[in-house]
Amino acid sequence: MKNLILCLILLITFVSCQKENQSADLVITNAVIWTGNSNMPKAEAIAIKADTIFAVGLIKDIQKLIGPNTKQIDAKQRFITPGFIDSHIHLLMGGNSLLNVELRDAKTPEEFSERIKTFVKTVDKETWIVEGNWDHTLWGGELPKKEWIDDFTKDNPVAVYRLDGHMILANSAALKIAGIDKNTPEVENGVIVRHPDGTPTGILKSEAMYLVLNKIPELTTTQKEAAIHVAQEYLLSQGITTVHDVDSLGGFAIAKKMKANNTLKIRIYSADPLYKWNKVKRHDVTDKWLKNGLLKGFVDGSLGSHTAAFTKPYSDKPEDSGLFINTMDDLYSWTKQGDSLGFQVTIHAIGDKSNHELLNVYEKIKDESEAKDRRFRIEHAQHLLPEDINRFAKLNVIASVQPYHAIDDGRWAEELIGAERIKTTYAFNDLMSAGATVVFGSDWPVAPASPLYGIYAAVTRQTLDNKNPNGWVGKQKITVEQALLAYTKNGAYGSFDEKLKGTLEVGKLADFVILDSDITIANPEAIKDIKVLATYIAGKKVYDSSL
């Protein structure tokens with residue numbers, strides 16, 4: 001009976017789109033298609049006309065749309081899914097990181113230093129060395145020091161990020177440019193890490209980073225365009241067809257120029273700084289490729305740098321509970337003003353205190369303002385008080401989370417916040433069970449921009465150190481289909497685009513990915529190794545693994 005009902009649904013879908021004397025531009029048959037559409041979750045073939053899905057259904061029906069000019073592809077039983085939507089990405093930073101020194105997997109202080117030493121030889125004197133995205137936990141937890149790199153970077157200022165983006169290492173050349181020495185006073189909502197004699201070690205946390213970062217020359221238009229070019233090629237190779245760019249670094253204007261020149265290959269939803277709500281031109285561009293309308297703010301910093309704000313102190317630092325980057329009064333004012341102008345608001349919150357207070361802000365604005373479909377978001381929603389989990393669904397607040405972080409932070413998070421608080425850390429299952437909308441992203445370049453690795457992380461929760469074979473906080477594991485929805489259908493909802501994309505349905509954009517294996521039946525541990533064979537946007541192949 002189930003098969004009969006499915007066949008009838010497929011037939012109705014096919015008939016509804018068929019028009020006399022019309023044929024498809026592209027037909028893919030003999031596929032295993034996961035549509036993301038609960039009314040028709042699986043299909044065998046898909047037809048494309050122009051940039052839109054013309055039909056989805058059974059092979060025998062889709063073949064009727066083949067005309068003399070129709071391109072035909074035999075998928076050979078490979079798996080097709082809607083194009084992945086990365087709901088949290090730093091586009092310019094990510095692209096620029098591909099053009100700079102790579103420190104993410106440096107496993108020792110010596111390797112960290114050697115990579116910078118090697119990279120310096122490839123650039124001109126006075127060129128800033130940036131990005132990096134190092135992880136000091138890989139070599140035992142000692143924070144790097146300027147002395148590790150000063151000898152060979154005298155002519156090049158260095159300001160390389162820790163992978164979470166809330167801490168940098170600056171060398172002596174960069175500190176000199178910024179005027180930072182042992183007499184520099186402490187920075188509000190920031191930390192200058194010092195040697196016992198008061199001289200800076202080079203580590204700057206949160207707001208203190210900007211003493212140096214504000215001295216770095218802005219990327220030129222040419223540099224920004226080069227960064228987005230390499231970024232989009234990398235993202236397409238991962239099966240990503242849309243990104244929510246939370247950079248706020250000027251990438252929108254460059255993407256707009258690229259779109260005019262027909263060199264933009266990926267769809268972008270671009271954010272602007274929340275505190276600049278009154279200076280942003282809403283919907284400067286609104287089309288299928290590029291739009292703005294999202295405002296992004298910050299409550300706190302990150303767990304790894306001890307700058308995430310918690311209701312109780314850190315387990316390893318009883319005197320420290322983290323910090324707020326912005327006051328709740330400011331966040332309330334900016335959010336209310338931006339919301340009144342029709343912007344969507346999303347705010348970074350890591351610690352349980354930050355998430356709790358931010359939910360209070362959202363609830364207050366919702367209660368005292370006109371009723372409308374706001375879709376407030378919280379970026380990361382990383383550590384939650386148990387009583388706050390149900391509030392996401394109640395308030396229709398979207399949890400924009402990054403599953404790779406769970407298997408990364410899971411190596412050491414319990415040391416920082418204890419066994420009880422990790423029970424509601426990266427609480428994907430609890431949030432979904434409560435009815436909250438959860439969207440997935442990568443936070444690239446903080447983490448790899450691989451949806452397949454993200455799905456693997458959400459489904460297995462096996463930490464990168466291989467010490468949690470049954471899953472870190474296994475209660476929070478979710479199914480493959482839940483993870484796929486978070487990377488597709490939910491991602492489209494997260495940007496008010498659910499009528500345009502996110503599922504493979506008639507009339508929606510023909511953005512899809514061909515994988516070499518059926519992810520829904522694969523061994524969960526093998527998901528991270530599944531390959532993207534091809535990526536299509538608007539019915540056109542934009543990535544081919546064979547090339």
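The structure presented is a predicted model; accordingly, all values stated were derived computationally and were not measured.
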Is there a donor-acceptor contact under 3.5 Å linking the side chains of [X] and [Y]?
| X | Y | answer |
| --- | --- | --- |
| Q476 | D430 | yes |
| E505 | T503 | yes |
| H88 | D443 | yes |
| H405 | Q382 | no |
| T463 | N468 | yes |

Using only atom types and a distance under 3.5 Å, with no angle test, would you say the side chain of D247 pairs donor to acceptor with the backbone of L91?
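Answer holds: yes.
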
Looking only at atom types and distance, does a side-chain atom of K501 sit under 3.5 Å from a main-chain N or O of T488, one as donor and one as acceptor?
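The answer is no, because no donor-acceptor pair under 3.5 Å joins these two groups.
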
Decide yes or no on side-chain hydrogen bond (donor to acceptor under 3.5 Å, both in side chains) for S442 and Q402, but give the supporting numbers first.
CA-CA 5 Å; S442 65; Q402 300 76 42; over 6 Å; no

Between H244 and R377, is the side-chain hydrogen bond (donor to acceptor under 3.5 Å, both in side chains) condition met? List the steps.
CA-CA 12 Å; H244 299 178; R377 294 169 43 157; 3.0 Å; yes

Apply side-chain contact (heavy atoms from CB on, under 4.5 Å) to the pair T479 and V459, showing each step before the final yes or no.
CA-CA 6 Å; T479 67; V459 171; over 6 Å; no

[X] versus [Y], closest heavy-atom pair with distance:
| X | Y | value |
| --- | --- | --- |
| A449 | L235 | CB-CD2, 3.6 Å |
| N490 | V439 | O-CG1, 3.1 Å |
| V56 | A43 | CG1-CB, 3.4 Å |

Does the pair K366/D339 count as a salt bridge with the N-to-O cut at 4.0 Å?
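Between D339 and K366 there is no salt bridge, as every charged N stays at least 4.0 Å from the carboxylate O atoms.
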
If you apply the rule side-chain hydrogen bond (donor to acceptor under 3.5 Å, both in side chains), what do you find for N261 with T263, and how did you get there?
CA-CA 5 Å; N261 294 335; T263 57; 5.2 Å; no

Aromatic ring proximity, centroids under 6.0 angstrom, H348 and H166
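Ring-ring flag for H166/H348: true, centres closer than 6.0 Å.
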
Ring centroid separation for Y269 and F496, is it under 6.0 angstrom?
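No.
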
Atom pair CG/CH2 of D465 and W412 - distance to nearest 0.5 Å:
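Result: 12.0 Å between the selected atoms.
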
Could you go through the ring pair (Phe, Tyr, Trp, His ring centres under 6.0 Å) check for F440 and F428 one step at a time?
CA-CA 10 Å; F440 278 177; F428 307 151; 5.5 Å; yes

K477 atom NZ, over 12 foreign heavy atoms within 6.0 Å
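Yes, NZ of K477 has more than 12 neighbouring heavy atoms, counting only those of other groups under 6.0 Å.
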
Answer yes or no: are there more than 12 heavy-atom neighbours, outside K372 itself, under 6.0 Å from its atom NZ?
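Correct, the count exceeds 12.
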
Residue from L385, V397, N360 passing side-chain contact (heavy atoms from CB on, under 4.5 Å) with R391:
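So the option named by the test is N360.
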
Here's a test for you: under side-chain contact (heavy atoms from CB on, under 4.5 Å), which of T70, I28, I53, L65 qualifies with I48?
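Checked T70, I28, I53, L65 against I48; only one passes side-chain contact (heavy atoms from CB on, under 4.5 Å): I53.
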
Tell me whether the guanidinium CZ or amine NZ of R461 lies under 6.0 angstrom from the six-membered ring centre of Y426 and within 45° of its axis.
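Ring-cation test returns no.
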
Candidate list D511, T242, T241, test side-chain hydrogen bond (donor to acceptor under 3.5 Å, both in side chains), partner R267, passing option:
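It is D511, the one option of D511, T242, T241 that forms the side-chain hydrogen bond (donor to acceptor under 3.5 Å, both in side chains) with R267.
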
